[in-house]
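What follows is a single structure, written as structure tokens, with notes after it.
Computed from a predicted model, the values in this text were never measured in an experiment. Each ligand, and each atom within it, is numbered from 1 in the order the structure gives. Every heavy atom of this structure was used, including side-chain atoms; hydrogens, water molecules and symmetry mates were not.
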Amino acid sequence: MRIILVGFGVVGRSFAELVLSESKKLSQGFGLKPKIVGIVDSKGSALSPDGIDIMKALNSKKANGTLEALAPVYRKGIGGVEAIREVECEVVIESTPTELSKGEPGLSHLRTAMKEGRHVICTNKGPLALAMPALIELAHHNEVMFKFSGTVGGGTPVLDFAKKCLEGSEIKSISGILNGTSNYILSKMAADGSMMQDVLAEAQKLGYAEADPTYDIGGFDTACKLVITSNYILGSSLSIKDLEIKGITGITGKDVEAAKAKGNTIKLIGRMEKKAKVSPEEIPMTHPLNVSGTFNAISFDTHPAGQITLVGKGAGGKETASSVIRDLIEIRRTFAR
Ligand SMILES: NC(=O)c1ccc[n+]([C@@H]2O[C@H](COP(=O)([O-])OP(=O)(O)OC[C@H]3O[C@@H](n4cnc5c(N)ncnc54)[C@H](OP(=O)(O)O)[C@@H]3O)[C@@H](O)[C@H]2O)c1
């Protein structure tokens, strides 16, 4: 299976490392022999139909942040669209940064890959949050698979669990703690009375929060994941623009203490019932969504099985790369039929 990796950051590199460390298991267990024929970052592309030396690519990126050591197969300035058009492959893995105004550069990468007849695995939430129904349609039209397990729940198989394991059940509503940074901040405020600014600074130091935390604490990351989950599981046709979004920036220590006095805790919750919305909510301490730290949790209110909650690490390079591997195995299985 020939693969082009568009985006060689935390997720892209973790995937490459897994391909190296798990090669025997993938080959013996699933007949999967991934050959990386393209790696694209923000500065250029390494392209070789014969396969790229993964270790050399990882070392080059580690040493100086570029893929230049892969010369002569490295060419500065060649972007994802050009790379996808130029080199034959079966699968394009898109893991460039999430961008929520136009969904670029991810949206162009996905569209090009599908039009070129490549299967697509995407961990980038931007294109899906903005244009998921159109992308699914484009994938159908071009008869390619479009997988995006890593966009929700990191390595926790939220989407496939609900889609495959809850077949035959009615899912009446979905609610979840879908952003680890916000949950870490709220958990710490509740545990020791810390101020939001202090916890945020600490989260940034620990690498849980970005330098610009708006995307996380403003509720936008949760909103992206809710859109993807609702569209995939409930068949809705939402874009992030359809959601009411309120983040946690207005939550004070007083609010947290008042909730605590009632036996409750404040959580940032993405909820899809009749409408989809993101907002801080008070839930009882005993509620299954009351997970602490950077954990994520998602609850499906089902008929007839009742409430089913899945808890796991919602992010992380290795975790997310493991979901990419799952998607790859599914593509391989479908191919091999
Ligand atoms: N990290 C996680 O735990 C996680 C979990 C789930 C989903 N995601 C999503 O997965 C995606 C990747 O995350 P990440 O953590 O790997 O991000 P990252 O570390 O910032 O890596 C992004 C990669 O994309 C490359 N890139 C940026 N602009 C590009 C362009 N115009 N063309 C080609 N490549 C470009 C960057 O190039 P340079 O290397 O040159 O900067 C970098 O290699 C994001 O959308 C993120 O939201 C991440």
ask   = Any chance the rings of Tyr232 and Phe148 have centres within less than 6.0 Å?
value = yes

remark   = protein heavy-atom neighbour closest to atom 13 (O) of ligand 1 works out as Val11 CG2, 3.8 Å

Sub-6.0 Å ring centroid separation between Tyr215 and Phe220 = no

query = Taking heavy atoms and a distance under 4.0 Å, where does Thr320 meet ligand 1: side chain, backbone, both or neither?
reply = side chain

Close N or O approach (Gly7, ligand 1; < 3.5 Å) = no

note = Residue, atom and distance of the protein heavy atom nearest atom 33 (C) of ligand 1 read Asp41 O, 3.3 Å

inquiry  = Can you see whether Glu94 engages Asn124 through a side-chain donor-acceptor pair at a distance of less than 3.5 angstrom?
reply    = yes

query = Of the protein's non-hydrogen atoms, which lies at the shortest distance from atom 17 (O) of ligand 1, and what is that distance?
reply = Val10 N, 4.5 Å

ask   = Under 6.0 Å between ring centres, would you say that holds for Phe335 and His119?
value = yes

query = What is the nearest protein non-hydrogen atom to atom 30 (C) of ligand 1, stated with its residue, atom name and distance?
reply = Pro105 CG, 3.7 Å

inquiry  = Heavy-atom pairs closer than 4.0 Å: do any link ligand 1 to the side chain of Glu319, the backbone, both, or neither?
reply    = neither

request  = I would like to know whether Met1 and Leu328 meet side chain to side chain contact (heavy atoms under 4.5 Å, CB included); could you show each step before the answer?
outcome  = CA-CA 9 Å; Met1 192 173 268; Leu328 209 51; 3.6 Å; yes

Evaluation steps, salt bridge (Lys or Arg N to Asp or Glu O under 4.0 Å), between Arg271 and Glu273 = CA-CA 6 Å; Arg271 183 179 291 282; Glu273 284 175 1; 3.2 Å; yes

inquiry  = Tell me whether Lys61 reaches ligand 1 (any heavy atom closer than 4.0 angstrom to a ligand atom).
reply    = yes

request  = Specify side chain, backbone, both or neither for Ser42, according to which of its non-hydrogen atoms lie closer than 4.0 Å to ligand 1.
outcome  = both

